[in-house]
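Any value given below was found using the heavy atoms of this structure, including those in side chains, with hydrogens, waters and symmetry copies removed.
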Amino acid sequence: MRYLPKSDSERRQMLDAIGAGSLEELFAHLPEAVRLQRPLDLPLGISEYEIVRYFRERAAQNASGYASFLGAGVYYHFRPVLVENVVARGEFLTSYTPYQAEISQGTLTTIFEFQTMICQLTGTDVANASMYDGSTAMAEAAMMAVRATGKGRVLVARSVHPEYREVLRTYAANQGMPVEEFGYLPEMGTLDAEDLERKIDDLTAAVIVQSPNFFGAVDRVREAAEVAHRRGALLILVFTEAVSLGLLQPPAEADIVAGELQSFAIPPSYGGPFVGIIATRDRFVRQMPGRLVGQTVDTRGNRAFCLTLATREQHIRREKATSNICTNQALLALMASVFMTVYGKEGLRELAAQNLSKAHYLASKLKPRFCGKFFNEFVAQVQGKTLDQMNKALLKKKIIGGLPLQRFYPELENCVLLCATEMSRRADMDAVAEAFA
Amino acid sequence: MYPENLRYTKEHEWIRVEGDIGAIGVTDHAQQELGDIVYVDLPKPGTQVEQGKTMGSVESVKAVSDIYAPVSGEVLEVNGALAEAPEKLNQDPHGEAWLVKIRLSAPSEIDKLLSAADYQNYIGAEK
Amino acid sequence: MIDRVRPHLVINERLIFEHSSPGKVAYQLPVLDVPAVDPAEALGTESVRAEIEDFPEVSEVEVVRHYARLSTWNYSLNTGMYPLGSCTMKYNPRVNELVARIEELAWAHPYQPEALAQGSMEIMSRLETALAEITGMDAVTLEPAAGAHGELTAILLIRAALARRGNPRKKILIPDSAHGTNPASAAIGGYAVENIKSNDAGMLDVAALEQIVNEDVAALMVTNPNTLGVFEEHIIRVAEILHAKGAFLYMDGANMNALMGIARPGDFGVDALHLNLHKTFSTPHGGGGPGAGPVAVKKTLEPFLPVPRLKQSGKKWAYDYKRKHSIGRLRAFYGNFGVMVRALAYILAHGGPGLRKVTLDAVLNANYIRKHLEPFYELPYQSPSMHEVVFSDHRQAQKGVHTGEIAKRLIDYGFHPYTVSFPLIVHGALMIEPTETETKRELDRFIQAMTAIAEEVDRDPQLVKTAPHATGTSRVDEVAAARKPVLRWKPA
């Protein structure tokens, strides 16, 4: 086996040193009844060449060479070359969690920069070193609000990503944390503040809204925040399309921001691994889940960084921890950091503006279902044919159309969610418009 | 080391009672075990605390220790200086670094607490 | 030849923000092929932000140098051994990285039509099958994003199964040697945690367990081999005790590296376990993630697995979302697919016999270290070691030197420290797991370093107490960091 770096004679020497007759003898203490009495039913090991071939064959069974207008939480943005260049470095790729600060300053410094950029981007005071993804970040944010307010109920807008809401329900199920939903305005595709007003009460810990929301609409975060704060609840702002932050100002009224950074140079990778964030105000820092990196000095007086405020975490506080989370997504946070650094202040704005222009071009050729303001996604309704027919026609042109919404919203019959980014070409958008006609 | 005018708990808190007011802190032994203290989490004034129940926590870099109320009562005052300077708990645990002052609701509970000598014996035996 | 302490490489570098200068850029976008839209008009003036204050403005060259320089401040598996107990820091095969980056896999959208994702679905199915075989379980979900996430999933599965029987029960039993994630996960699953003490052999006390298990107990969370690297020899009896009272046996699979092809949790009574693909199955740690924490279960728990489930419809793969007993979703989409690809590549490379050899060598390495370090460090539990060994600093503590300090001195010898002060049941623990991918030469170097440090503790304890000495960054002040947290950069 090529990954096992020992010769049989070395194994023999080691066994002699231990005083064992054979490798099997090292397992002699295992009771007979627990032992597997046959070989594992798996094929023999294969060569590197065969491994590559196997995966290329699988890849060939997936879509290849299609233009895609899918978004809905996972976005196609160009990945700057430098990103791969950085994360392929073994020093980042193969290092462990930076508990040993003296030999982990590389990772610690990049996380500190990451935390800083997330704060700048979201207009918050403090951000953690990352969460698994946006959906779990949102669930953790809700738990955080429950801790911070001492209340239990959570209200989430139906215009929040449906799968994020499912995750929230799974997490909340056994924590005495009732989750209820409030609606959206059928013409606007933005949250229904009156419905929120009806459903909120003084036991509500958090109101969760997404902007741009699942329909791509810039949602009425301030209105929701006003209602939430009046009843002593926190406002959790969720985002799935981080590029929108190049143009959109996250409202200062948000108490916690939870989001997904896949748009920042993380390959869609069929849904993961991604990287979530939680950012908040200084006063909630001790309620935060996940790792935090802080600045300090070494004994020579030089600036240095280390993991800090770890007493919130599971390895110290065990069942009283703020979360069970142990890993963060350091390598993916690094990809996002390189992306943010490459685009920078000017670039992120220009990138967002291009996304806005492309999506509005596509929308101008179709008839958006909602009349709210939108960023790079919007809902369109097919008329005079079925969605299925239309999408099949597009596939023939090597175009993957939008996401049919009826699975998540039964009332949105024949509706698709379409996304255009800086990668969408005008000719493909024209083809989509044609298929709708 | 352990002042005679304080009473102690097996969870390493102390209390100094004057009239029906008690000042509560953690013992020198507790601060030594924890090491450099970096944060103190205390109840707000007005909170009712109950003898033997947690009322807050003290943290070092890698450990958290719950603080148990030595007696029951209402929190009157919190030592705000500790928020800025938690290191005072390492420097003067039985004096300047008191945690909270409470109004005792059941003064007889004091009788269940350890004297300085008993506490010293107790931590001696624990070692 | 003895390797002496030498200084580590240091290249000065500032924070990226400190390189910023207005107008510098590292990007160029294509010319827009559609009419430009005015953001204020499209989004509303009130929604459009002013510039992102203090966001970086740097050139491409600076980006390259910045990260290249920072990378030199990291120790990594590429440069040396990580004897981290419980973490299984094994070699990360490079072919795994290549296949995970194949365009049609890496750029597949989770919502692309199932007919255009058959390759991805086939990979997931094949991995599920392989993990079920390795663990001796009936069904596997790949959805959990990490080990702790897998633990939570398993607890929710157990809760759902018990609730369906009429009573979710109240508490979860956890040995005092367990990982901190275990109690934290149980708490999120809505359970009270009862800690149980290990016996003198470092194992579960079967007699005591028998007394504790009653109708209030939902499950026992056991790690096997446990965090002392000791196989729970009475595990079958433990399972019987739980099952007799209608409770479940959950296993933390963090230490599967000690069992592959030797023993299967499914065969010794485990009802549910999670695996860490980033430990046993070699996916790189990346400085702290991403990982993946698949959960394998017996048939009784299968109806409750998270949605969606893969199902075969004709010759095609499809997703089944309609499962009425499912606990729901643990995360959006299907899990950390990119990590699954790497793990499957690892399993394919080894095959059945190869995985067994992995375990044999992992256990050989741990026992080799144990044998050579036993004369110098206290071994608190004499039970046979599997893939890791736990010493204590008892002898060194007499000289005032503790495990954390010995660990820092190890850095000077060019090694990452072992796991410090864990498991909690060993006072001053040194937890060492070499994994199978270290050469004899590297193990010998490690042993030399550890023996040299033991000798330094006798001769010059202060040298050890103030380590590391050879690193670019000396001991950092963690107390100051925690007392006055500075969690982001701000302009001076």
| said: With a 4.5 Å cut-off on side-chain heavy atoms, are A:I18 and C:L364 touching? | reply: yes
| field | Region of A:K6 that comes under 4.5 Å of a non-hydrogen atom in chain C | value | side chain
| remark: Bottom line for A:R169: the part with an atom under 4.5 Å from chain C's heavy atoms is neither
| Going by atom types alone, do A:D298 and C:T473 pair a side-chain donor with an acceptor below 3.5 Å? | no
| said: Do the side chains of C:D33 and A:R426 get close enough for a salt bridge, i.e. N-O under 4.0 angstrom? | reply: no
| request: Could you check if a side-chain atom of A:Y66 sits within less than 4.5 angstrom of a side-chain atom of C:Q112, using non-hydrogen atoms only? | output: no
| said: Measuring only between side-chain heavy atoms, which start at C-beta, is C:H109 closer than 4.5 Å to A:Y270? | reply: no
| said: Quick one, A:L36 and C:I262 - any side-chain contact, counting heavy atoms below 4.5 Å? | reply: no
| query | Does A:R349 pair with C:E51 as a salt bridge, N-O distance under 4.0 Å? | reply | no
| task | Hey, could you give me the OG/OH distance between A:S95 and C:Y75, rounded to the nearest 0.5 Å? | result | 11.5 Å
| request: Compute whether any side-chain donor of one residue and acceptor of the other, for C:N92 and A:T94, lie under 3.5 angstrom apart. | output: no
| request: Quickly, which of C:L360, C:D361, C:T439 forms a side chain to side chain contact (heavy atoms under 4.5 Å, CB included) with A:L4? Name it, please. | output: C:D361
| request: Would you tell me whether C:S71 and A:R89 have side-chain atoms, one donor and one acceptor, within less than 3.5 Å of each other? | output: yes
| query | Is the side chain of C:N78 donor-acceptor paired with the backbone N or O of A:E91 at a distance under 3.5 Å, no angle test? | reply | no
| said: Using a strict threshold of under 4.0 Å (side-chain N to carboxylate O), is an ion pair present between C:R356 and A:E24? | reply: yes
| request: Give the member of C:L355, C:I235, C:I188 that has the highest number of heavy-atom pairs under 4.5 Å with chain A. | output: C:I188
| task | Would you kindly say whether A:Y3 and C:E436 are connected by a side-chain donor-acceptor distance under 3.5 Å? | result | no
| request: State whether a side-chain donor-acceptor pair under 3.5 Å links A:S64 with C:E104. | output: yes
| task | Would you mind checking which part of C:E233 comes under 4.5 Å of any heavy atom in chain A, side chain (CB onward), backbone (N, CA, C, O), both or neither? | result | both
| Is the shortest distance from a Lys or Arg side-chain nitrogen in A:E10 or C:K440 to a carboxylate oxygen in the other one below 4.0 Å? | no
| message | I'd like to know if A:R58 and C:E122 make a salt bridge, using a cut-off of under 4.0 Å between side-chain N and carboxylate O. | response | no
| note | Of the listed C:A345, C:P290, C:G472, C:P468, the one with the largest count of heavy-atom pairs under 4.5 Å with chain A is C:P290
| request: Test the A:R407-C:Y321 pair against the cation-pi criterion, namely NZ or CZ under 6.0 angstrom from the six-membered ring centroid and within 45° of the ring axis. | output: yes
